[in-house]
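Just follow the structure's listing: the first ligand is 1, and inside any ligand the first atom is 1. What you are looking at is a predicted structure, and each value in this text was computed from that prediction instead of being measured.
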Amino acid sequence: MCVPQKPSGISSDDNANPIAPLDHIGYMQLALSEAHESPPKPSNFRVGAVLVDEGNNKILATGFTLELPGNTHAEQCCLQKFAERNDIPEERVGEVLPDKTVIYTTMEPCGLRLSGNMPCVERIIRTRQGGKKGVSKVYLGVKEPEKFVGENTGRAKLEEAGIECIHISGLEEEILRVATAGHE
Ligand code: HJL
Ligand code: ZN
């Protein structure tokens with residue numbers, strides 16, 4: 001499958017975004033190209049994510065599983081990278097996110113992590129706590145396979161918190177192939 005190259009020099013002041021507004025497949029392909037960067041590991045999935053300001057079609061951050069030091073998830077890396085660039089800790093990133101922030105992720109955000117780390121669902125919901133605008137929508141490429149935590153409650157938890165979740169279909173096969181590379 002043809003995956004678009006990652007736009008160079010992505011940052012909050014970069015307006016050279018090759019993806020058209022609301023081109024969900026285009027953004028999901030970018031998330032998938034991020035997932036390809038993730039090192040294969042038998043104990044988790046290789047996921048890619050893109051944090052987008054849907055209000056003006058700006059890429060805020062990209063991320064992939066294990067991109068940042070430690071046992072980091074793709075969605076977590078997006079939030080941490082954007083927070084770092086804005087000199088704020090990740091737990092306060094909601095204070096600097098634009099009004100219409102959305103996240104594209106190749107896999108449904110995790111509601112539980114075997115490692116006991118904070119799940120991405122809690123990190124995403126936290127961006128909206130205390131009256132902050134935060135992440136308002138999640139576009140996901142596949143549901144999490146029942147391999148590590150059984151049925152993932154991630155999507156349900158996000159929806160309970162008022163965060164819309166939209167499945168973008170069409171790339172499932174490639175997303176799962178990339179996600180499970182390195183598994184038995
Ligand atoms: C999502 C990721 C990633 C997963 N899911 N949405 N993004 N790695 O970047 C979900 C899977 C957990 C396991 C192991 N994977 O990752 O359920 O070691 O990776 O905390 O539960 O937990 P740890
Ligand atoms: Zn996660």
So, regarding F148 and ligand 1 (criterion: nitrogen or oxygen to nitrogen or oxygen, under 3.5 Å), is there a contact or not? no
Quick check on contacts: which atoms of ligand 1 are under 4.0 angstrom from a heavy atom of S43? 14 (C)
Considering only NZ, NE, NH1 and NH2 on the basic side and carboxylate oxygens on the acidic side, decide whether E174 and R177 come within less than 4.0 Å. yes
Applying a heavy-atom cut-off of 4.0 Å, say which part of N71 lies close to ligand 1: side chain, backbone, both or neither. side chain
Pair E75 + R123: basic N to acidic O under 4.0 Å: no
When every non-hydrogen atom of E108 is compared with those of G154, the smallest separation belongs to OE2-N, 3.8 Å
The atom of H73 among N, O or S that is nearest the Zn ion (ligand 2) is ND1
Have a look at the Zn ion (ligand 2) and estimate, to 10 degrees, the angle subtended by SG (C110) and SG (C120). 120°
Quick one: which of K41, H73, E75, E34 has a heavy atom closest to atom 6 (N) of ligand 1? E75
T105 versus ligand 1: do any nitrogen or oxygen atoms come within less than 3.5 Å of each other? no
Atoms in ligand 1 flagged as close to V149, the criterion being non-hydrogen separation under 4.0 Å: 21 (O)
Would you check if L97 and L51 make a side-chain contact, meaning some heavy-atom pair closer than 4.5 Å? yes
Polar-atom distance check: A74 versus ligand 1, any N or O pair below 3.5 Å? yes
Closest to atom 5 (N) of ligand 1 by heavy-atom distance, out of V121, V47, N44, is V47
Tell me every residue that passes ring-ring contact (aromatic ring centres under 6.0 Å, His included) with F45, counting only those two or more places apart in sequence or in another chain. F148, H183
Tell me whether V142 is reachable from Y27 by hopping between hydrophobic residues (I, L, V, M, F, W, Y) whose side-chain heavy atoms are closer than 4.5 Å. yes
Shared ILVMFWY cluster between M118 and V93, side chains joined below 4.5 angstrom? no
Any heavy atom of E108 closer to ligand 1 than 4.0 angstrom? yes
Does L176 share a hydrophobic cluster with L171, counting links as ILVMFWY side-chain heavy atoms below 4.5 Å and allowing steps through other members? yes
Measure the distances from the heavy atoms of P109 to every atom of ligand 1 and state whether one is below 4.0 angstrom. yes
Answer yes when E151 and K143 have at least one side-chain N-carboxylate O distance shorter than 4.0 Å, and no when they do not. yes
Side chain, backbone, both or neither: which part of L114 comes within less than 4.0 Å of ligand 1 when only heavy atoms are counted? both
Which part of R46 is near ligand 1, with near meaning a heavy atom under 4.0 Å away: side chain, backbone, both or neither? neither
Under a 4.5 Å side-chain heavy-atom rule over Ile, Leu, Val, Met, Phe, Trp and Tyr, are L66 and F64 clustered together? no
Heavy-atom proximity to atom 11 (C) of ligand 1 ranks first, among Q76, E144, E146, E67, for E144
Is there a polar contact between ligand 1 and S115, counting only N or O atoms under 3.5 Å apart? yes
Would you say the side chain of V50 lies within less than 4.5 Å of the side chain of C78, judging by non-hydrogen atoms? no
Ligand 1 atoms nearer than 4.0 angstrom to some heavy atom of T65 are 2 (C), 8 (N), 9 (O)
Considering the heavy atoms of M107, write down every atom of ligand 1 situated less than 4.0 Å from one of them. 6 (N)
